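A short worksheet on the structure shown next.
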Number of protein chains: 2
Amino acid sequence: MSYELYYWTGLQGRGEFVRLCLEDAGAPYIDVAREKGDDAMMSWLNGDHEGALPFAPPFLKSGRLVIAQVANILQYLGPRHDLVPASESKRLYAHQLELTITDLVAEVHDTHHPVATGLYYEDQKAEAKRRAKDFRENRIPKFLGYFETVVERGGGNYPLREHSYVDLSLFQILAGLDYAFPKAMKKLSPEIPLLRGLAKRVAARPNVAAYLASERRVPFNETGIFRHYPELDG
Amino acid sequence: MSYELYYWTGLQGRGEFVRLCLEDAGAPYIDVAREKGDDAMMSWLNGDHEGALPFAPPFLKSGRLVIAQVANILQYLGPRHDLVPASESKRLYAHQLELTITDLVAEVHDTHHPVATGLYYEDQKAEAKRRAKDFRENRIPKFLGYFETVVERGGGNYPLREHSYVDLSLFQILAGLDYAFPKAMKKLSPEIPLLRGLAKRVAARPNVAAYLASERRVPFNETGIFRHYPELDG
């Protein structure tokens with residue numbers, strides 16, 4: 001039985017964190033909106049089906065379960081695909097780390113939309129410049145410095161001493177930040193050697209490498225979470 | 001054995017969502033920073049202890065477990081204190097709802113800090129006015145409209161057809177928004193009768209009522225997440 005992933009077409013966005021997990025696990029899944037269009041997703045958001053009501057994509061259908069929110073989905077998939085350690089303490093820690101990544105992703109989004117999601121970037125560019133400056137100078141170093149410490153405490157290779165879904169999300173964070181803020185990330189790179197090593201190991205995992213080389217990996221673009229606007233990179 | 005809750009003193013903040021859960025459950029807990037000062041919390045954030053490293057408060061110690069991120073903590077406490085239904089589908093849904101509340105809380109914070117957490121409100125007041133306008137006009141109706149539908153789909157009384165930790169968080173959301181945006185909330189109230197009913201039932205629960213009447217319930221103030229700045233209420 002295939003999972004059904006529901007997420008907007010045309011961008012990586014938050015759906016990509018789920019996609020990387022499914023791809024790394026080699027789990028069969030249908031990327032519903034890509035196959036049937038965004039409308040196939042809207043009936044779920046409009047409440048036309050019984051059961052759990054998602055607030056926003058991505059959400060995953062697994063049999064009769066409907067699971068929304070990235071970290072919730074990864075927490076569900078992790079144990080089913082050997083992508084999280086078995087102990088309660090490590091599962092709680094993995095989820096905490098994923099929720100901290102979720103917070104970071106929201107802050108990335110707000111660098112280009114600091115006033116309103118419903119307004120164009122051009123209509124909030126002045127505010128975006130101010131917010132992005134703080135994000136580059138304070139928030140990226142704080143978050144990535146934290147995750148660097150987390151990998152160090154995990155022995156230097158993995159936050160949880162073994163491969164987990166958290167690694168996949170950290171890979172995506174680095175890839176996205178490198179795309180959106182290349183200058184800021186180049187400057188910061190010497191301070192995050194363990195994260196850089198982790199991202200390389202993730203990219204070299206056979207299923208991940210195959211995915212990244214496929215057409216299923218939509219390139220980063222300016223409709224996603226990670227957007228490259230040179231004026232926001234200082 | 002008592003839980004140990006770690007959160008900043010002097011404000012409700014994100015810690016309040018955990019506090020409401022512990023109080024409703026009648027679970028014994030030590031509010032560590034209030035008893036020993038914020039320094040007692042810093043050694044955990046500084047990484048002086050082995051195991052899970054929190055990124056930020058609140059975090060909860062339960063025996064040797066260290067659990068950070070509000071939704072993660074509530075998901076841990078729920079089954080232990082009969083504050084979430086037993087089925088997997090309902091637990092996943094409860095957690096999804098809590099994570100959506102987490103997103104809303106972050107947006108509330110950004111109404112008064114749309115540029116940088118590290119800057120004073122006064123230094124981002126112009127941006128705050130713009131962001132708060134969008135928040136009042138678009139985001140509050142979208143989030144609360146969603147949760148109103150969720151309660152309706154749950155039968156009209158509870159999102160999950162029975163009392164759960166999600167109710168406590170929704171109570172806190174309404175209390176906080178009423179404090180921060182009284183005019184906007186008064187205008188919206190006719191559209192959220194089920195949420196208003198739910199909040200009343202939560203406030204009348206004996207343990208919650210006793211807590212709200214106690215000195216442990218710090219009043220809302222302008223160092224917390226929910227701040228009343230009249231110029232942001234339109």
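This one's a predicted model, so the numbers in the text were calculated from it and none came from an experiment. Residue numbering restarts at 1 for every chain, and letters A, B, ... go by the order of the sequence lines.
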Run B/Tyr93 and A/Val66 through side-chain contact (heavy atoms from CB on, under 4.5 Å) and show every step you take. CA-CA 8 Å; B/Tyr93 194 27; A/Val66 179; over 6 Å; no
Can you check ring pair (Phe, Tyr, Trp, His ring centres under 6.0 Å) on B/Phe147 and A/Phe55, steps first, answer last? CA-CA 9 Å; B/Phe147 286 116; A/Phe55 181 72; 7.1 Å; no
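Within 6.0 Å of CG on B/Asp123 lie more than 12 heavy atoms contributed by other residues, nucleotides or ligands. By the 6.0 Å contact criterion, CZ on A/Arg161 is open, its count of non-hydrogen atoms from other residues, nucleotides or ligands being 12 or less. Atom CD of A/Glu50 has 12 or fewer heavy atoms from other residues, nucleotides or ligands within 6.0 Å.
Take B/Glu137 and apply the side chain to side chain donor-acceptor pair (under 3.5 Å) test, not counting sequence neighbours, and it matches B/Lys133.
Among the candidates B/Gly154, B/Gly47, B/Ala68, the residue making the largest number of heavy-atom pairs closer than 4.5 Å to chain A is B/Ala68. Contact count versus chain B (heavy atoms, under 4.5 Å) is highest, among A/Val150, A/Asp110, A/Asn138, for A/Asp110. Considering only heavy-atom pairs separated by less than 4.5 Å from chain A, the leading option among B/Gly118, B/Pro159, B/Pro114 is B/Pro114. The greatest number of non-hydrogen atom pairs below 4.5 Å with chain B, out of A/Ala132, A/Ser89, A/Ala56, is found for A/Ser89. Comparing B/Val115, B/Thr111, B/Leu97, B/Asp103 by how many heavy-atom pairs each has under 4.5 Å with chain A, the most go to B/Val115.
Nearest heavy atoms, B/Pro54 versus A/Tyr146: O-CE1, 3.6 Å. A/His95 approaches B/Gln75 most closely through the heavy-atom pair CD2-NE2, 3.7 Å. Closest approach of A/Glu88 and B/Leu65 over heavy atoms only: OE1-CD1, 3.7 Å.
Heavy atoms of B/Leu160 lying under 4.5 Å from chain A are absent altogether. Both the backbone and the side chain of B/Asn72 come within contact range of chain A, with heavy atoms under 4.5 Å apart. Contacts of A/Lys142 with chain B are made by both backbone and side-chain atoms, with heavy-atom separations under 4.5 Å. Both the backbone and the side chain of B/Ala116 come within contact range of chain A, judged by heavy atoms closer than 4.5 Å. Residue A/Ile67 touches chain B through its side chain alone, counting heavy-atom pairs closer than 4.5 Å. Within the 4.5 angstrom heavy-atom criterion, no atom of A/Ile73 approaches chain B.
The line from CG of B/Asp134 to OG1 of A/Thr117 is 7.0 Å long, rounded to the nearest 0.5 Å. Atom CD in A/Gln69 sits 7.5 Å away from atom OG1 in B/Thr102 (nearest 0.5 Å).
Listed for the B/Tyr76 side chain is no donor-acceptor partner under 3.5 Å among the backbone atoms of A/Leu92.
Proximity to chain A among residues 124-131 of chain B is limited to B/Gln124, B/Glu127, B/Arg130, B/Arg131, judged by heavy-atom separations below 4.5 angstrom.
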